[in-house]
Each structure stands twice: as structure tokens, then as C-alpha cells.
Amino acid sequence: MEALLKADIDEFKTHFLGEVVLPDDANYDEVRQIWNAMIDRKPTLIARCTSPEDVVQAIQFGRTQNLLISIRGGGHNIAGNAVCDDGLMIDLSLMKGVHVDLTTKRASVEPGCTLNEFDEVVQEHGLATPLGINSTTGVAGLTLGGGFGWLSRKYGMTVDNLLSAEVVTADGSQLHASDSENADLFWGLRGGGGNYGVITRFEFQLHPVGPNVLSGLIVFAFDQAKQVISQFARFTETMPDELNVWMVTRKAPPLPFLPEAFHGKEMIALALCYVGDPKEGEKLIEPLRGFGTVLGEHIGVQPYIAWQQAFDPLLSKGARNYWKSHNFSQISDGVIDAIIEYAARLPSPQCEIFIATIGGQTASVAPEAMAYSSRDANYVMNVHGRWETAAEDAHCIAWAREFFAKSQPFASSGAYINFLTEEETDRISFAYGATYNRLVELKNKYDPTNLFRMNQNIKPV
């Protein structure tokens with residue numbers, strides 16, 4: 001921005017102890033790049049923070065200069081809100097500290113940590129908290145949108161395990177938020193996205209997990225999709241909380257345990273993780289093999305960290321991504337038929353449809369207890385469009401939108417805010433449901449000028 005003079009930036013640098021990156025700097029393009037290659041925005045400057053004090057300085061500078069502000073944690077969010085055009089990008093990715101208190105089984109985590117960096121530290125002690133399934137995801141963004149993963153049926157949503165947070169608000173104040181201090185803010189942070197401030201530290205409850213778990217994949221031919229998905233739907237309604245089974249349909253990658261003749265062809269896979277005695281887990285998962293003719297499987301006892309990284313090769317940085325998502329209380333015949341119809345015409349080899357099973361302990365919390373309210377969501381479906389070139393954009397996006405519309409009549413209330421694309425502002429109030437009006441009230445209190453608006457934005461009144 002021409003209005004932002006070099007003198008202003010130089011003055012900011014004298015107070016800011018982190019790194020300031022400008023468009024002419026050699027590392028500018030590297031630092032501004034995020035996971036979704038469809039997002040190609042160019043901020044005026046990037047403030048790479050190393051402390052909460054850096055965050056305060058950056059917010060005050062952005063507010064004083066009337067700059068659009070974006071906040072980057074892991075930079076993994078599908079909407080690309082981590083980076084803005086012609087504004088200030090506050091980059092937290094250098095803040096990666098993790099501290100474990102073994103007495104209380106709690107972890108203190110800085111906002112630049114990714115899932116694998118967090119897991120690596122806490123798994124040294126055989127501990128974990130429910131997080132996502134792609135280890136390069138940022139802990140911060142995942143948490144602020146609700147967060148779920150393989151452990152959620154046993155231990156709840158990520159926000160159910162958030163005990164406190166250190167927050168820098170829009171006016172530059174540093175606040176501690178918990179059930180006993182700034183409780184209204186803490187309520188909003190647990191699912192309200194980045195609307196209320198910049199988190200500089202999270203505190204999580206940890207649980208005994210692993211370090212080895214029974215986990216893996218069972219793969220079926222696509223011509224058996226109806227019977228496999230139907231039995232998956234019934235099985236997951238009654239399985240114990242220690243077991244989690246997800247369904248994914250896509251073109252088969254060249255997995256070594258699959259016959260080569262099936263590589264590149266449509267498939268149905270069941271992905272599973274059991275948090276408990278592996279021998280008991282083997283008994284529980286044996287019925288899955290009877291859902292159809294198994295093309296191949298890769299199931300065994302492996303480190304929990306390894307299972308958390310199992311899908312990373314399919315979700316690497318640099319591809320073009322477009323998602324659509326629904327919540328479901330149950331998987332009906334109608335949605336199964338829609339899945340089969342659209343999985344039969346995937347527009348690229350990397351596109352997929354997956355159904356994440358949650359329920360269990362995620363449903364034990366009252367909908368109004370925190371900002372994340374979708375407690376009737378036993379399943380979250382993601383229509384994951386993914387491809388390589390801009391020439392494929394229109395075809396792949398149209399496929400995702402059509403399937404989203406076709407499956408919508410069978411969806412339940414709410415939506416998972418982390419799966420919303422940048423165009424879905426019309427779904428924000430629907431995503432929050434009963435808690436939305438209270439979130440607006442909080443926005444009026446903590447960010448009345450909407451300084452933090454590069455997010456799934458809750459606008460102040």
C-alpha cells in the first residue's frame with residue numbers, strides 16, 4: 001500500500017523483536033505460501049512473531065495503520081484466511097513451544113505448532129489429545145474451529161479438551177481465558193474461530209494413548225460400495241467409543257498391499273483406529289472384513305504418531321483444493337446413493353469423499369456449553385476436491401458443488417466451520433446454530449470494529 005510509508009515500517013521494526021518480511025525480501029514468496037495452492041495473496045508486510053509481545057506490537061501496528069490483518073498458524077485452512085492481499089500477515093509459525101506437565105497431564109502449546117510437532121512431544125509420555133488426521137495441520141486453527149480426529153469418540157472434540165488460552169485481543173490486551181477467568185471469551189474461543197483475538201498459548205488436557213495403537217485400512221472394490229457403506233453406517237452406530245472407523249471413496253493410490261490392477265480405480269476404504277488393548281480391538285474389527293470382498297488390507301499395531309501421518313502423502317502442500325461439507329446425525333440410504341453416484345465420476349485422481357465418524361463423547365456436551373454446538377453430528381462428510389492445475393478448476397469445483405447440493409437434503413443441523421471455503425459466508429450462522437447470537441454479542445464486546453475479519457467472520461452489530 002502506497003499509504004504505508006517506509007518510515008512507518010522502519011518505526012515498527014524498532015519495537016518488533018521478530019522478523020519483518022517485505023515483498024522485496026528473498027523469503028517473501030516462501031513465507032506467504034500456504035497449504036491450498038488456490039490461494040495466492042500478497043500482503044504488504046509479514047510480521048513473524050516469536051513472543052506474545054510481538055503479537056501485541058503487530059496488532060497495534062495493524063490497527064494504527066488501518067491495515068487488513070490475517071493470522072497464520074499452520075496455514076492449512078481451506079479458505080486461505082491465513083494470508084491477505086495488501087495488508088498485514090501476522091505469522092505465528094515460529095512459535096512452536098510445547099511443555100508437558102506430567103502431574104496434571106496437561107500440555108501448554110504455542111500457536112505455531114503442527115499436529116506432528118505436538119504429538120511428538122506428548123507421545124514421549126504416552127499421552128495425546130484429540131486432534132486432526134493430517135499431521136501438518138496447525139493446532140491453533142484446528143482447535144479454534146472445534147477440532148476432531150481419531151480420538152474424539154473416546155475423548156471428545158479438541159475444544160472439549162481445551163482448558164485455557166492466552167489471548168491478545170483487538171485492543172492489544174493480553175488476557176487469560178478459562179472457565180474461571182474471562183469465561184465468556186473462553187466460551188467463544190472454543191469453536192468461534194479467530195474472531196476474538198490471537199491465541200499465543202493453548203492449554204490442553206492429555207489422555208493416555210499408545211504409544212502404539214491398532215490401526216490401518218481395509219479396501220473393497222467400488223462395485224460393492226452400496227453394501228459396504230450401508231454396513232459401515234450400521235456398524236458405527238453401535239461400536240464402542242474406543243473404536244473409530246471412517247469411510248473414504250476415491251481412486252486407489254499405488255498402495256503396496258493392493259493388487260496393481262486396482263491402482264487408479266475407484267475403491268471404498270475403511271480406515272480405523274482402536275484406543276485400547278489391540279487383542280480386544282482385533283475382535284471388534286473382524287466384522288468389517290465381512291462387509292464385502294476385501295481387495296487388500298494393512299492393519300496392525302503401530303505408533304500412534306505413524307498413524308497420524310498415514311494420510312499426509314495424499315494431503316501434501318501445493319495442490320489446488322476445494323471442499324464442501326455436511327454434518328449428518330445418521331447415514332441414510334439417500335446420502336449413500338449420492339456418494340456412489342458422484343464417486344463414480346471423480347473429476348481428478350486426487351478427489352475423494354470421506355465420512356468421519358465422531359459421536360461418542362463428542363455428543364456428551366450440551367450444544368450451548370461452548371461456541372461449537374453441533375453435538376448431534378455423529379458424522380462429518382467432506383467432499384474433498386483436489387487437483388493440480390488451474391485449467392481443472394471449473395470442472396472439479398462444479399463436481400463438488402453438485403454433490404453438496406445432492407446430499408444436502410439428508411444432512412443434519414450445523415456445519416464444521418473448519419471445512420467451509422472462503423465463499424461460504426452465507427453458511428456461518430447456520431454452522432453455529434443456537435450459539436450464533438451469543439457469538440455476535442461477544443464480537444461486539446471484544447472486537448467491535450471487526451479488526452479480526454480474515455476468518456469465517458462473525459460480524460459485530
Side-chain angles (χ1 to χ4, degrees), residues 32-41 68 70-85 89 132-134 136-138 140-148 191-195 250 314-328 338 342 346-348 350-356 372 374 377 379-408 411 413-433 436 452-459:
R32 74 179 177 88
Q33 287 177 349
I34 55 176
W35 176 78
N36 185 1
M38 292 190 77
I39 309 300
D40 185 28
R41 302 186 186 125
L68 177 63
S70 67
I71 314 296
R72 178 196 173 121
H76 204 279
N77 181 260
I78 183 66
N81 288 321
V83 59
C84 59
D85 275 324
M89 176 179 173
I133 66 160
N134 178 202
T136 62
T137 304
L142 177 102
T143 301
L144 292 172
F148 64 86
N195 276 282
R250 57 169 292 140
L314 302 178
L315 296 165
S316 57
K317 182 179 179 180
R320 302 175 74 81
N321 292 267
Y322 180 87
W323 295 356
K324 300 292 281 187
S325 178
H326 286 306
N327 288 344
F328 295 95
Y342 281 83
L346 298 165
S348 91
Q350 298 184 64
C351 289
E352 64 183 22
I353 299 167
F354 79 72
I355 295 178
Y372 175 83
S374 297
Y379 306 90
V380 179
M381 182 180 72
N382 191 22
V383 187
H384 185 182
R386 181 178 169 91
W387 59 95
E388 295 298 327
T389 67
E392 302 169 83
D393 286 1
H395 181 49
C396 293
I397 291 172
W399 169 81
R401 288 174 175 170
E402 287 174 13
F403 174 56
F404 173 80
K406 189 71 174 283
S407 54
Q408 189 165 23
S413 61
Y416 184 52
I417 204 78
N418 284 341
F419 285 173
L420 299 190
T421 57
E422 60 178 323
E423 68 186 21
E424 295 188 276
T425 55
D426 60 324
R427 297 189 75 210
I428 294 173
S429 61
F430 171 78
Y432 286 111
Y436 182 74
F452 302 121
R453 58 187 181 274
M454 283 293 295
N455 44 45
Q456 296 298 346
N457 193 228
I458 298 165
K459 296 178 181 179

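Worth knowing before you read on, the calculation uses all heavy atoms, side chains too, and leaves out hydrogens, waters and symmetry mates. Since this is a predicted model, take the numbers as computed values, not measurements.
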[X]: what forms a salt bridge (Lys or Arg N to Asp or Glu O under 4.0 Å) with it, not counting sequence neighbours?
| X | answer |
| --- | --- |
| Lys406 | Glu341 |
| Asp85 | none |
| Glu402 | Arg345 |
| Glu352 | Arg250 |

For Asn455, the side chain to side chain donor-acceptor pair (under 3.5 Å) test, sequence neighbours excluded, returns Asn457
[atom1]/[X] to [atom2]/[Y] distance, rounded to the nearest 0.5 angstrom?
| X | Y | atom1 | atom2 | value |
| --- | --- | --- | --- | --- |
| Asn418 | Ile78 | CG | CD1 | 11.0 Å |
| Tyr436 | Ile458 | OH | CD1 | 6.5 Å |
| Met89 | Ile71 | CE | CD1 | 9.5 Å |
| Leu346 | Arg386 | CG | CZ | 14.0 Å |

If the condition is ring-ring contact (aromatic ring centres under 6.0 Å, His included), which residues does [X] pass it with, not counting sequence neighbours?
| X | answer |
| --- | --- |
| Phe452 | none |
| Tyr432 | none |
| Phe354 | Trp246 |

| said: Taking NZ in Lys459 as the centre, count heavy atoms belonging to other residues, nucleotides or ligands within less than 6.0 Å. Is the count above 12? | reply: no
- Query: So, do His384 and Asn321 sit near enough that their side-chain heavy atoms are less than 4.5 Å apart?
  - Reply: yes
Suppose we screen for side-chain contact (heavy atoms from CB on, under 4.5 Å). Which residues come up paired with [X], at least two apart in sequence or across chains?
| X | value |
| --- | --- |
| Ser348 | Gln350, Cys351, Trp387, Glu392, Cys396 |
| Glu422 | Ile39, Arg41, Ala79 |
| Ala390 | Arg320, Asp393 |
| Arg427 | His326, Phe404, Ala415, Leu420, Glu424, Phe430 |

Requested in this report: Could you check whether the rings of Phe419 and Trp323 sit parallel, tilted or perpendicular, using 30° and 60° as the cut-offs?
Outcome: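 Plane angle over 60°, so perpendicular.
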